[in-house]
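Here is the structure we will look at.
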Amino acid sequence: MLLAEQALNGLQYGMMLFLMAAGLTLVFGVMGLINLAHGSLYMLGAFACAWVAAATGSFALGLAASLAAAAAAGVLVEVAVIRRLYARDHLEQVLATFALILVFSEGTRWVFGSFPLYLTLPAALSGAVTLPGGLQYPLFRLAIIGVGAAVAVGLWLLIARTRLGIRIRAGEADREMVAALGVDIARLYTLVFALGAALAGLAGALVGTIQSVQVGMGEPVLILAFVVIVIGGIGSIKGALVAALLVGLTDALGKALLPALFARFMEVSAANGIGAALGSMLIYILMAGVLIWRPQGLYGARG
Amino acid sequence: MRRVAILNATVFAALVAVALVAHLAGAPYVVTLATKAAIFALAGVGLNLALGYGGMVSFGHAVFFGIGGYVTGIFASHAAAGTPVLTFPFTVAGSAEMLGLWPMAMVVTALAALVIGALSLRTSGVYFIMVTLAFAQMVYYFAISWRAYGGEDGLSFYVRNSFPGLNTFAPLQFFAIAAGLLALAMGFSALVTRSRFGLALQAARANRQRVMASGIRPFALQLTAFVLSAVIVGLAGSLYADLNRFVSPAMLSWHMSGEIMVFVILGGVGRLAGPVAGAGVFILLEQVLGGVSEYWQALLGLLLLAIVLYAPGGILGLLPGGRRHV
């Protein structure tokens, strides 16, 4: 029973990571850009949702605001800064987006202060449902799993089935050729960046209901999203989905099971300590393992 | 080449001059700031070896900074408590002697760098950046959950470790130690980059295929440079622990990795004195902008953006004689 609950937690965590990783991997795959400020867009989404939801009392409006705010910030940042970085090397991209994090974090602290905000769940989504087998599980976490799955399907449809998706794939393969065929590549890039930003904002808003909304909340998630896309293979959305679920499940199950496992052959307090330490390192060990086995990631094409 | 050498000497002399003038003017706080700048510069010189000369964009060098710091903190706190650090498989006593702590910190950092480097160098480009970052996070989370040495709260030790013949509590004398090590590291870095090894390393950065075609394995070169680079950063971490008489997981955090990178790039990548100028300016900005606004990091961010977008050569690239020499 505990196992099933932890597996669901892992699934929910994985779906949230997927929302983050999808945007990162899309931006990297299409534009070749490594964007550290993705976590700031996540934070921005959470703040926008918390602020609008508190002002209007409507969580749905808050969600819409998180999408809009993150996408708008994405467009702004892309046009003002990111656009100049596509042709630069990764070091400069890392540095410039690191600088953007400083600006975003301190700017948010300046506007909203250092105290965390809290999001309250709408009545329709709070409470628990009883799953087959008698397990009680919070409805909202199930909703996050549903949103993640819907985004995965939606992204697949977008990329595989629409004209925009064709352009995105073409832009990934050969930028000059696509531009020569008359596609406005600059606008396409802005659009892709805004799409990734909106997904990050959505992830932030959803997680804001589980955790507190505060400056710096995006950074741990950003690093995990990196782990996810390294495992999945950079540029692959399918890889991001598989790796996000793998990371989510490994993390949740590892933290739940390792202390119990160690307790079988050592005293409980020591087992808890070592289990917790190892549990928090487990996903990085998983990543190291994948890299030894397949340095380009599970679904990655390039090394 | 001569102009570059003069520039390097000038930047280093400026740092020493700041400390001396501050000491004579009776401003020990400024001497301590100069010490901090020297230690950060030392870390930057280390990272520059991997990043500037080796072309390995490591976003996880805080792990070596932190390991150097933790080794120092752990040995010093055991020395203060009179307990051994290890009893199995052999007994290791604590130590409060810098000359004993530095090699210890460097050896442990080297071992960590060997493992992390060997794994990370299987990848390149963006993967390498993210993988080094992830390994640093792994150690960061380990430090947070390792309660024996303070966990999240960090580990304090009350007495600064000693150095024969010097009073390490006197700000200027501690500065002398840090500046001396910085000068040594700069000299070492200059020797390495001009050696056959250093030339091959830089060639491997510029054109991996051609280096392989001439019968050199880039992996061995890069791993060696990565370990050397980490060892210097570990030494800086040891000094930083002594400066604050405190170590905490913050030394291992990815913000620290970013900052070490900023020292290098603010000053100028692949330049010997780049990290010194970068760290000095960083500390100066922290003091000046920090006085203007408590949100000074936002201003720092804007300045960094401007440097990356408009002055890719860093501060030294803007100065006459600062032309890039690698």
Side-chain angles (χ1 to χ4, degrees), chain A residues 24 28 32-34 36 80-81 84-85 88-110 216 219-220 222-227 229-230 233-235 273-285 287-288 291-292 295-297 300 302-303, chain B residues 51-52 55-57 59 115-116 118-131 133-148 151 253-255 257-259 261-262 264-266 269 293-310 312:
Chain A
L24 264 183
F28 184 80
L33 176 95
I34 171 170
L36 296 183
V81 179
R84 297 161 212 268
L85 296 171
R88 303 289 193 88
D89 63 30
H90 292 313
L91 175 61
E92 290 177 337
Q93 296 174 349
V94 164
L95 210 70
T97 51
F98 182 72
L100 281 177
I101 293 181
L102 296 180
V103 175
F104 268 116
S105 292
E106 296 302 306
T108 312
R109 205 194 302 279
W110 183 57
E219 295 166 6
L222 171 80
I223 291 165
L224 286 180
F226 278 157
V227 172
I229 68 176
V230 165
I234 300 178
I274 294 179
L278 207 61
S280 58
M281 291 165 70
L282 205 58
I283 45 178
Y284 301 103
I285 296 170
M287 182 195 71
L291 281 176
I292 293 169
Q296 75 278 32
R302 45 193 134 182
Chain B
L51 185 117
M56 291 171 275
V57 185
F59 202 176
V115 175
I116 294 178
L119 284 172
S120 308
L121 281 169
R122 295 175 59 85
T123 65
S124 60
V126 175
Y127 281 84
F128 185 80
I129 299 175
M130 294 183 187
V131 169
L133 173 64
F135 276 120
Q137 283 304 106
M138 175 170 125
V139 178
Y140 172 74
Y141 285 119
F142 178 75
I144 282 186
S145 49
W146 198 17
R147 291 195 205 98
S253 78
W254 76 298
H255 256 275
S257 294
E259 278 177 18
M261 217 174 203
V262 167
V264 176
I265 291 151
L266 199 62
V269 186
S293 157
E294 68 176 294
Y295 308 109
W296 73 278
Q297 293 217 333
L299 300 174
L300 174 72
L302 291 175
L303 183 81
L304 258 181
L305 264 184
I307 296 236
V308 174
L309 292 180
Y310 303 109

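- Closest approach of A:A99 to B:G301, counting heavy atoms only: CB-O, 3.2 Å.
- Remark: B:S253 OG to A:E219 CD distance equals 9.0 Å, nearest 0.5 Å.
- Proximity to chain B (any heavy atom under 4.5 Å) is shown, for A:V230, by both the backbone and the side chain.
- The shortest distance between side-chain heavy atoms of A:F226 and B:V131 does not fall below 4.5 Å.
- Contact check for B:F142 versus A:L278: no side-chain heavy atoms found under the 4.5 Å cut-off.
- Considering only heavy atoms from C-beta on, A:E106 stays 4.5 Å or farther from B:L300 through its side chain.
- Proximity to chain A is absent for every atom of B:F128, based on heavy atoms less than 4.5 angstrom apart.
- Of the two parts of B:L51, only the side chain, counted from C-beta on, holds a non-hydrogen atom closer than 4.5 Å to a non-hydrogen atom of chain A.
- Within the 4.5 Å cutoff, side-chain heavy atoms of B:M261 are placed close to those of A:L91.
- Contact record, A:V103 with B:A298: CG2-O, 3.6 Å, taken as the closest heavy-atom pair.
- In this structure, the side chain of B:Y295 does not engage the main chain of A:T108 through any donor-acceptor pair within 3.5 Å.
- Listed by chain and number, the residues in a salt bridge (Lys or Arg N to Asp or Glu O under 4.0 Å) with B:R122 amount to none (sequence neighbours excluded).
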**OP:** Show your working on side chain to side chain contact (heavy atoms under 4.5 Å, CB included) between B:V308 and A:R88 and close with a plain yes or no.
**Re:** CA-CA 10 Å; B:V308 174; A:R88 303 289 193 88; 4.3 Å; yes

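- With a 4.5 angstrom heavy-atom cutoff, A:L291 touches chain B via backbone and side-chain atoms both.
- Using a 4.5 Å cut-off on side-chain heavy atoms (C-beta onward), B:M138 and A:M287 make no contact.
- Here the side chain of A:R84 pairs no donor or acceptor atom with the backbone of B:Y310 at under 3.5 angstrom.
- Ring orientation note: the planes of A:Y284 and B:Y141 are close to parallel, at an angle under 30° on the 30°/60° scale.
- Interface residue B:I129: only side-chain heavy atoms are found under 4.5 Å from chain A.
- Residues A:L102 and B:H255 meet the side-chain proximity criterion, which asks for heavy atoms closer than 4.5 Å.
- Using a 4.5 Å cut-off between heavy atoms, A:L85 touches chain B through its side chain atoms alone.
- Atoms CG and CG, on A:L222 and B:L133 in that order, are 7.5 Å from each other to the nearest 0.5 Å.
- Considering every non-hydrogen atom in both A:I234 and B:Y127, the closest pair reads N-OH, 2.7 Å.
- Only the side chain of A:L36 comes within contact range of chain B, judged by heavy atoms closer than 4.5 Å.
- Partners of B:Y140 according to the ring-ring contact (aromatic ring centres under 6.0 Å, His included) rule, which considers only residues two or more places apart in sequence or in another chain, do not exist here.
- Taking CD1 of A:I223 as the start and CZ of B:F59 as the end, the distance is 7.5 Å to the nearest 0.5 Å.
- Residues A:Q93 and B:V126 are not in side-chain contact: their nearest non-hydrogen atoms beyond the backbone lie 4.5 Å or more apart.
- In this structure, no portion of A:L282 lies under 4.5 Å from any heavy atom of chain B.
- At a 4.5 Å heavy-atom cutoff, the contact between B:L302 and chain A is made by backbone and side-chain atoms alike.
- Residue A:L24: no heavy atom, backbone or side chain, is found under 4.5 Å from chain B.
- Contact record, B:T123 with A:P295: CG2-O, 3.9 Å, taken as the closest heavy-atom pair.
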